[in-house]
Undergrad: 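Before I ask anything, let me first share the structure, which is written out below as structure tokens.
Because the structure is a prediction, the values reported are computed rather than measured. We name chains A, B, ... by the order of the sequence lines, and we start the count at 1 in each one.
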There are 2 protein chains.
Amino acid sequence: MIESTRATDAPLQRLLLERIYSATGKAWRIGITGSPGAGKSTLIESLGMVAIEHGHRLAVLATDPAAATTGGSILGDRFRMTSLSSHPNAFIRPSSNRGSDTALSRRIRESILVCEAAGYDVVIVETVGAGQSDVTIADVVDMVIVASLPNAGDEVQGIKRGIMEYADIVAVTKSDIDRSLALRAASQLRSALSLIRSRFRDWQARTAIVSSVTGEGVGDLWALCEQFFAPTRQLSIEQNRRQQRRRWFEEALIEALIDRVRTEAHSAHSIERIYSAIEDGTVLPPIAAIEIVHSWRTSQ
Amino acid sequence: MIESTRATDAPLQRLLLERIYSATGKAWRIGITGSPGAGKSTLIESLGMVAIEHGHRLAVLATDPAAATTGGSILGDRFRMTSLSSHPNAFIRPSSNRGSDTALSRRIRESILVCEAAGYDVVIVETVGAGQSDVTIADVVDMVIVASLPNAGDEVQGIKRGIMEYADIVAVTKSDIDRSLALRAASQLRSALSLIRSRFRDWQARTAIVSSVTGEGVGDLWALCEQFFAPTRQLSIEQNRRQQRRRWFEEALIEALIDRVRTEAHSAHSIERIYSAIEDGTVLPPIAAIEIVHSWRTSQ
């Protein structure tokens with residue numbers, strides 16, 4: 001229900017969200033991103049099991065745009081998360097994200113809230129870090145873990161594609177294949193990360209080396225998560241959430257206004273036509289904005 | 001008039017902008033940013049004179065938030081731009097930016113348009129690259145030059161503060177003081193820049209070494225600007241402008257809507273109160289957005 005984008009579901013969605021909102025906000029919201037093949041699913045499986053061993057209840061929201069093209073990776077995800085998917089304290093929600101060009105589900109924030117209200121105190125959001133969608137992983141979670149293959153070329157690509165700008169932890173995966181390669185990759189990443197602006201004043205991006213096969217380093221990675229969510233960092237995390245809520249509001253405001261214009265205005269005011277006139281440079285952006293607000297106000 | 005933020009000036013501003021808009025868009029829009037003391041003003045003076053020698057007409061819009069605290073730097077700017085400020089083909093508009101916490105004037109986009117309509121075909125916007133304001137330099141110009149002192153610590157700070165993420169050219173300034181230091185700084189910057197995502201697919205960030213005192217490298221820097229604005233890159237620059245116009249429209253839409261709510265709605269709907277309830281997490285962002293649009297629509 002909460003994932004639905006059908007207009008007829010909107011009233012029920014709204015009722016549901018209003019009822020649960022006060023029971024939300026208590027989970028650690030962790031994003032896991034990285035290129036396809038970087039080992040995100042197996043990392044979630046092993047990290048998730050450690051979280052559960054520490055007494056947490058875990059929800060995983062996996063949005064994988066690749067599923068739309070390959071048709072098979074969601075099934076693959078479930079297959080790779082065998083321990084988690086059969087554990088009573090874990091909930092896995094795959095989302096094929098069909099028909100959307102963004103890396104995240106349009107209702108990802110709402111889905112997180114529903115998981116929190118259901119009592120999950122760790123919510124992991126998995127996504128391919130395309131970094132090009134309007135809503136990025138950093139807009140919806142507290143902490144971003146970037147999964148990176150132990151391959152010198154790969155992490156430079158990750159930096160170039162802008163993924164590293166959101167990284168609070170970079171996890172070098174598949175260390176069982178070649179441990180010295182993984183160590184070298186982690187060291188290169190550390191010096192690259194020291195050049196990139198941190199998202200938080202009180203958190204410098206860290207690296208971790210993990211193997212989901214042998215379990216090496218997964219406990220250390222979870223310990224880093226615990227450091228990130230330490231009580232001393234609560235203010236910093238809450239400050240980030242305040243900004244996220246503000247941004248969500250402003251996005252929703254534009255969406256609500258444009259939805260109204262779309263359904264109510266005359267065809268001459270078609271929002272698509274307005275957008276192209278603005279982009280073409282034939283209509284001044286602030287004047288179009290004022291006219292939309294004004295004409296809509298007086299057209300009743 | 002165009003810089004005014006008084007509500008009573010809005011109708012005339014709007015009329016002015018509508019009249020001139022079709023005569024705008026033909027200038028090269030260049031942003032120059034960098035820490036205080038990095039030599040921005042003298043760089044603009046020397047680069048500007050080269051542009052004029054190449055037959056261009058130059059407008060400089062200098063917004064310096066430091067002026068609000070020191071009270072003197074605008075006068076200092078004018079003093080440092082002596083050749084430019086007395087040249088018939090140059091126009092310098094300092095703006096003290098008092099009372100605003102952003103690094104750019106609120107009406108910077110409109111000011112650029114007015115300069116273009118007045119026939120200036122190069123517009124330089126100077127700002128301290130705080131990178132924290134809502135509207136950043138990269139939102140309003142085509143190309144960003146970052147002025148950087150030849151100091152190893154300085155450019156790393158620049159990268160950390162996020163300035164380098166917007167750099168299309170980094171100009172290492174004051175090379176006359178210590179040329180080998182400047183060369184080393186440029187080389188370090190080049191390797192750092194290769195790790196940062198480029199803003200354009202067809203432009204990798206470059207470095208230049210300049211001395212505004214001896215004039216060394218200023219001609220080369222101008223040649224880089226000419227490369228950036230080469231006819232082959234026109235599509236890429238226009239694509240960037242389309243995105244800028246779209247973003248300007250969405251910002252203006254929020255502003256127009258919130259202005260209306262502020263003037264029309266009951267005190268219970270005070271926009272400041274709504275914002276804090278959203279940030280506190282007591283009101284759901286999308287529901288607040290829908291309610292604002294709905295209640296305002298039906299309150300007439």
Undergrad: Which heavy-atom pair separates B:Ala289 from A:Leu253 by the least distance, and what is that distance?
TA: CB-N, 3.5 Å

Undergrad: Determine the minimum heavy-atom distance between B:Pro286 and A:Ala252, stating which atoms define it.
TA: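 Taking every non-hydrogen atom into account, CA-CB, 3.6 Å.
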
Undergrad: Would you give the length of the straight line joining atom CG of B:Leu257 to atom CG of A:Leu257, rounded to the nearest 0.5 angstrom?
TA: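 Going from the CG atom of B:Leu257 to the CG atom of A:Leu257 covers 5.0 Å.
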
Undergrad: Could you check A:Gln243, A:Arg246, A:Arg245 and say which one makes a side-chain hydrogen bond (donor to acceptor under 3.5 Å, both in side chains) with B:Glu279?
TA: A:Arg246

Undergrad: Pick whichever of A:Ala256, A:Ser22, A:Gly25 has the most heavy-atom pairs under 4.5 Å with chain B.
TA: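 Going by pairs under 4.5 Å, I would pick A:Ala256.
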
Undergrad: For A:Glu238, which atoms come within 4.5 Å of any heavy atom of chain B: side chain, backbone, both, or neither?
TA: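 For A:Glu238, the contact with chain B is made by the side chain alone.
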
Undergrad: Using every non-hydrogen atom in the two residues, find where B:Pro285 and A:Tyr21 come nearest and quote the distance to one decimal.
TA: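 Result for this residue pair: CD-OH, 4.0 Å.
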
Undergrad: At a heavy-atom separation under 4.5 Å, does B:Ile287 approach chain A through its side chain, its backbone, both, or neither?
TA: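 Only the side chain of B:Ile287 comes within 4.5 Å of chain A.
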
Undergrad: Highest number of heavy-atom pairs under 4.5 Å with chain B: which of A:Leu113, A:Ile290, A:Asp280?
TA: A:Asp280

Undergrad: Can you tell me which of B:Gln244, B:Arg241, B:Glu250, B:Arg247 forms the most heavy-atom pairs within a distance under 4.5 Å of chain A?
TA: B:Glu250

Undergrad: A:Thr282 versus chain B, heavy atoms under 4.5 Å apart: side chain, backbone, both or neither?
TA: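 Looking at A:Thr282, just its backbone touches chain B.
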
Undergrad: What is the distance from atom CZ of A:Phe249 to atom CD1 of B:Ile274, rounded to the nearest 0.5 Å?
TA: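 Separation between the atoms: 6.0 Å.
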
Undergrad: Can you tell me how far the CG atom of B:Leu284 sits from the CD atom of A:Glu110, to the nearest 0.5 Å?
TA: 8.0 Å

Undergrad: Can you tell me if B:Leu235 has over 12 outside heavy atoms packed within less than 6.0 Å of its CG?
TA: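 No, because the 6.0 Å sphere around CG of B:Leu235 holds 12 heavy atoms or fewer from other groups.
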
